S.K.: 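Pasting in a structure now, in structure tokens, and then I'll have a few things to ask.
Just so we're clear, the structure is a prediction, and the values are computed from it rather than from any experiment.
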Amino acid sequence: MKVYRYVLKEVSDGQLAKWPERLNAIPLRISSETLEGITKETFLENSELWKNKVEYYKTIDYQLAETGRYRNLLDMNAYLGGFAAAFVDDPVWVMNVVPVEAAKNTLGAIYERGLIGTYQNWCEMQYILLEMDRILRPQGNVIIREDIDMLLKIKSITDGMQWESRIVDHEKGPHQREKILYAVKQYWTAPAATDNNQQSESES
């Protein structure tokens with residue numbers, strides 16, 4: 001296992017802001033233009049975008065809006081940490097994951113916001129879903145944003161895992177190809193053995 005260690009660097013134009021101002025302050029890596037292609041405007045737009053997305057998620061999953069219903073959340077493609085920042089007023093713990101294969105390494109900017117995070121090398125979707133099934137408690141929820149064709153494939157897998165899942169429209173309306181899969185892991189056990197099966201086992 002590789003261990004990654006990040007040091008919050010200091011730059012000439014200032015220091016890290018104190019919490020909670022630090023959460024929404026422009027990260028030093030962005031203000032110093034060391035993250036190529038990510039500007040102050042990009043950061044502000046992303047933060048506002050995730051506030052709107054999370055607000056919409058709470059209409060899809062009413063329990064997400066209930067204080068204390070969820071304690072631990074995982075953002076599997078965190079980018080700048082906007083998802084976690086949108087939950088600042090909720091009593092939840094959010095782990096931000098930056099995929100190893102991501103085009104831009106934004107984990108440092110996430111740390112500079114006062115958030116926590118890590119790297120992860122995600123594998124094929126079916127294996128990711130199996131890992132989700134392993135770590136989720138019954139009634140644990142998953143929200144996946146993807147193109148409708150991909151979501152239909154994912155839903156066929158979650159149905160096979162006995163999850164309760166449904167596909168809902170994008171927050172901008174039904175004409176967007178990107179949709180949202182909302183899935184809930186169910187509590188279930190294998191069916192009880194039938195009398196015929198029990199008889200066969202006793203005869204053998």
Side-chain angles (χ1 to χ4, degrees), residues 6 16-17 19-67 69-120 122 125 128 132 141-151 154-155 165-183:
Y6 243 101
L16 293 172
W19 184 266
E21 290 77 15
R22 178 176 169 183
L23 179 66
N24 294 307
I26 307 295
L28 299 181
R29 281 173 171 77
I30 296 176
S31 61
S32 63
E33 300 182 351
T34 57
L35 271 177
E36 185 178 354
I38 301 180
T39 64
K40 298 177 182 179
E41 290 73 22
T42 303
F43 173 80
L44 295 173
E45 289 172 3
N46 183 260
S47 296
E48 189 62 30
L49 177 69
W50 274 107
K51 287 179 183 177
N52 294 333
K53 286 182 177 181
V54 167
E55 183 178 347
Y56 183 61
Y57 290 165
K58 289 180 178 181
T59 68
I60 298 172
D61 175 14
Y62 69 91
Q63 296 183 64
L64 192 60
E66 292 181 3
T67 301
R69 174 61 180 84
Y70 298 116
R71 293 180 296 173
N72 302 312
L73 302 177
L74 175 67
D75 185 351
M76 297 175 64
N77 190 10
Y79 189 43
L80 297 174
F83 175 79
F87 281 98
V88 65
D89 294 323
D90 295 71
V92 295
W93 181 88
V94 182
M95 171 59 76
N96 297 279
V97 176
V98 175
V100 172
E101 62 273 16
K104 299 183 188 301
N105 181 1
T106 55
L107 187 58
I110 289 172
Y111 285 162
E112 288 175 349
R113 299 188 73 173
L115 302 171
I116 59 173
T118 187
Y119 293 112
Q120 179 65 46
W122 298 121
M125 179 55 70
I128 295 175
M132 288 180 181
N141 296 1
V142 173
I143 296 175
I144 302 174
R145 303 177 68 95
E146 258 295 355
D147 182 86
I148 182 60
D149 291 339
M150 176 59 72
L151 284 189
I154 294 173
K155 189 176 186 302
S165 59
R166 57 190 171 96
I167 295 175
V168 299
D169 287 329
H170 191 282
E171 60 268 16
K172 291 184 179 179
H175 300 299
Q176 303 290 322
R177 280 199 58 83
E178 183 180 80
K179 305 290 184 184
I180 300 167
L181 175 72
Y182 172 69

S.K.: Whether the side chain of Tyr182 engages the backbone of Ile167 through a donor-acceptor N/O pair (distance < 3.5 Å, no angle test) should be reported.
M.R.: no
S.K.: For Lys40, is the NZ atom crowded, meaning more than 12 foreign heavy atoms sit under 6.0 Å from it?
M.R.: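 12 or below, so no.
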S.K.: With a cut-off of 6.0 Å (strictly less than), are more than 12 heavy atoms of other residues, nucleotides or ligands near CD of Glu178?
M.R.: yes
S.K.: For residues Leu64 and Arg69, determine if any side-chain heavy atom of one lies less than 4.5 Å from a side-chain heavy atom of the other.
M.R.: no
S.K.: With a 4.0 Å cut-off, would you call Asp147 and Lys179 a salt bridge?
M.R.: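 Salt bridge: no.
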S.K.: Looking at Leu28 and Ser32, what are the two nearest heavy atoms and their distance?
M.R.: O-OG, 2.6 Å
S.K.: Might you point out which heavy atoms bring Leu181 and Ser165 nearest each other, and give the distance in Å?
M.R.: CD1-CB, 3.9 Å
S.K.: Compare every heavy atom of Leu115 with every heavy atom of Ala85, then report the nearest pair and how far apart it is.
M.R.: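 Of all heavy-atom pairs spanning Ala85 and Leu115, the closest is N-CD1, 4.5 Å.
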S.K.: How many angstroms lie between atom OH of Tyr70 and atom CZ of Phe87, to the nearest 0.5 angstrom?
M.R.: 10.0 Å
S.K.: Determine whether Val94 and Val92 make a side-chain contact, defined as any pair of heavy atoms from C-beta on separated by less than 4.5 Å.
M.R.: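 With C-beta onward as the side chain, the pair touches.
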S.K.: Within the 4.5 Å heavy-atom criterion, are Ile144 and Met150 side-chain neighbours or not?
M.R.: no
S.K.: Count the heavy atoms of every other residue, nucleotide or ligand shown that sit under 6.0 Å from CD of Glu33, and state whether that count exceeds 12.
M.R.: no
S.K.: Any donor-acceptor pair under 3.5 Å linking the side-chain atoms of His170 with those of Arg177?
M.R.: no
S.K.: Let me confirm one number: the CD1-CE distance from Ile154 to Met125, rounded to the nearest 0.5 Å.
M.R.: 4.0 Å
S.K.: Measure the spacing between CD1 of Ile60 and CZ of Arg166 and express it to the nearest 0.5 Å.
M.R.: 7.0 Å
S.K.: When rounded to the nearest 0.5 angstrom, what is the spacing between CD1 in Ile180 and CG in Asp61?
M.R.: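 One finds 12.0 Å between CD1 of Ile180 and CG of Asp61.
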S.K.: How far does CG of Asn46 sit from CG of Leu80, to the nearest 0.5 angstrom?
M.R.: 5.0 Å
S.K.: We want to know whether Asn105 and Tyr119 form a side-chain donor-acceptor pair, criterion being a heavy-atom distance below 3.5 angstrom.
M.R.: yes
S.K.: Give a yes or no on whether the backbone of Thr42 and the side-chain of Thr39 come within a donor-acceptor separation of less than 3.5 Å.
M.R.: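 Answer holds: yes.
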S.K.: Evaluate the side chain to side chain contact (heavy atoms under 4.5 Å, CB included) criterion for residues Tyr79 and Asn96: first the C-alpha distance (whole Å), next the side-chain angles of each, then the deciding distance (0.1 Å), finally the verdict.
M.R.: CA-CA 8 Å; Tyr79 189 43; Asn96 297 279; over 6 Å; no
S.K.: Between CG of Asn77 and CD of Glu101, what distance do you get to the nearest 0.5 Å?
M.R.: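 Separation between the atoms: 8.5 Å.
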S.K.: Val88 versus Pro20: any side-chain heavy-atom pair under 4.5 Å?
M.R.: no
S.K.: Report the residues that fulfil salt bridge (Lys or Arg N to Asp or Glu O under 4.0 Å) with Glu146, sequence neighbours left out, ordered by chain and then residue number.
M.R.: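 Per chain and number, Glu146 pairs via salt bridge (Lys or Arg N to Asp or Glu O under 4.0 Å) with no residue.
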S.K.: How about Gln120 and Val98: do any of their side-chain heavy atoms sit closer than 4.5 Å?
M.R.: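 No, side chains not in contact.
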S.K.: Is the ring pair Tyr57/Phe83 parallel, tilted or perpendicular, if the boundaries are 30 and 60 degrees?
M.R.: tilted
S.K.: Decide side chain to side chain contact (heavy atoms under 4.5 Å, CB included) for Arg29 and Ile38; before the verdict, give the C-alpha distance in whole Å, the side-chain angles of both, and the deciding distance to 0.1 Å.
M.R.: CA-CA 9 Å; Arg29 281 173 171 77; Ile38 301 180; over 6 Å; no
S.K.: Would you please test Glu112 and Ser31 for side chain to side chain contact (heavy atoms under 4.5 Å, CB included) and show each step?
M.R.: CA-CA 11 Å; Glu112 288 175 349; Ser31 61; over 6 Å; no
S.K.: What I'd like to find out is whether the side chain of Asp75 reaches to under 4.5 Å of the side chain of Met95, using heavy atoms alone.
M.R.: no
S.K.: Side chains of Arg113 and Phe43, heavy atoms from C-beta outward: is any pair under 4.5 Å?
M.R.: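 Yes, their side chains come closer than 4.5 Å.
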S.K.: If you compare all heavy atoms of Gly81 against all heavy atoms of Ile110, which two are closest, and at what distance to 0.1 Å?
M.R.: N-CG1, 3.9 Å
S.K.: State, with a plain yes or no, whether a side-chain heavy atom of Lys58 is found less than 4.5 Å away from one of Asp90.
M.R.: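 A side-chain contact under 4.5 Å exists here.
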S.K.: Within the distance-only criterion (no hydrogens, no angle test), does the side chain of Trp122 pair as donor or acceptor with the backbone N or O of Met76 below 3.5 angstrom?
M.R.: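 The answer is yes, because a donor-acceptor pair under 3.5 Å joins these two groups.
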